[in-house]
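Just so you know, these numbers use all the heavy atoms, side chains as well, and skip hydrogens, waters and symmetry mates.
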Amino acid sequence: MWEEKLIELTKDEAYEGSMMKKSNGKFGMIKSRGVENIEIVAVELKDFMPSPTDKVIAQYKNIDEMISDGWVID
């Protein structure tokens, strides 16, 4: 699905505020990344910049589960 280099980059650098993309073309932003919880929220464009909303579009227990579902850092 994704190149190994992008997967490793996601594991190393995807934290709160990171823009994410999904294999189906959706975009989101990590709102929180804890030990056993990752929340991705929807984004909207404000003044040509992506801005997080309060709408949670995905939740995962860990980074590997998130990547397996198709999300990587953008």
Side-chain angles (χ1 to χ4, degrees):
M1 178 171 15
W2 296 109
E3 292 181 19
E4 191 62 33
K5 185 176 180 180
L6 184 56
I7 290 171
E8 291 305 315
L9 181 68
T10 300
K11 288 180 179 182
D12 293 341
E13 297 187 17
Y15 288 95
E16 289 86 357
S18 295
M19 280 297 300
M20 306 299 291
K21 62 184 172 185
K22 193 170 182 184
S23 54
N24 65 4
K26 288 185 179 180
F27 287 88
M29 185 176 286
I30 294 182
K31 181 178 181 178
S32 64
R33 180 179 175 186
V35 176
E36 294 186 20
N37 184 43
I38 298 171
E39 278 189 346
I40 299 176
V41 295
V43 293
E44 61 186 17
L45 288 178
K46 289 187 178 180
D47 298 321
F48 303 104
M49 294 294 295
S51 180
T53 66
D54 290 331
K55 181 181 178 188
V56 176
I57 57 173
Q59 289 185 302
Y60 302 98
K61 292 183 181 184
N62 57 53
I63 195 81
D64 292 319
E65 182 182 30
M66 181 189 79
I67 292 169
S68 292
D69 194 36
W71 289 98
V72 291
I73 199 165
D74 184 37

For residues [X] and [Y]: do they belong to one hydrophobic cluster (side chain heavy atoms under 4.5 Å, members Ile, Leu, Val, Met, Phe, Trp, Tyr)?
X: I57; Y: I67; value: yes
X: I7; Y: M19; value: no
X: W71; Y: V41; value: no

Any side-chain heavy-atom pair of E44 and P50 under 4.5 Å: no
Tell me which donor-acceptor pairs under 3.5 Å the side chains of residues 20-37 have, and how far apart each pair is, sequence neighbours excluded?
unit_1 : atom_1 : unit_2 : atom_2 : d
K22    : NZ     : D69    : OD2    : 3.4
N24    : OD1    : K26    : N      : 3.1
R33    : NH1    : A14    : O      : 2.6

Pairs where residues 11-20 contributes a residue and the test side-chain hydrogen bond (donor to acceptor under 3.5 Å, both in side chains) is met, not counting sequence neighbours: K11-D64
Check: E4 main-chain N/O paired with E8 side-chain donor or acceptor under 3.5 Å: no
For E3, all residues meeting salt bridge (charged side-chain N to carboxylate O under 4.0 Å, His left out), sequence neighbours excluded: none
Heavy-atom closest contact (V56 atom, Q59 atom, distance): CG1-CG, 3.7 Å
Closest contact, heavy atoms only, E65 versus K61: OE1-N, 2.6 Å
Intermediate values then yes/no, side-chain contact (heavy atoms from CB on, under 4.5 Å), T53 and V43: CA-CA 6 Å; T53 66; V43 293; 5.8 Å; no
I40 vs M66, side-chain contact (heavy atoms from CB on, under 4.5 Å): CA-CA, chis, key distance, verdict: CA-CA 10 Å; I40 299 176; M66 181 189 79; 3.8 Å; yes
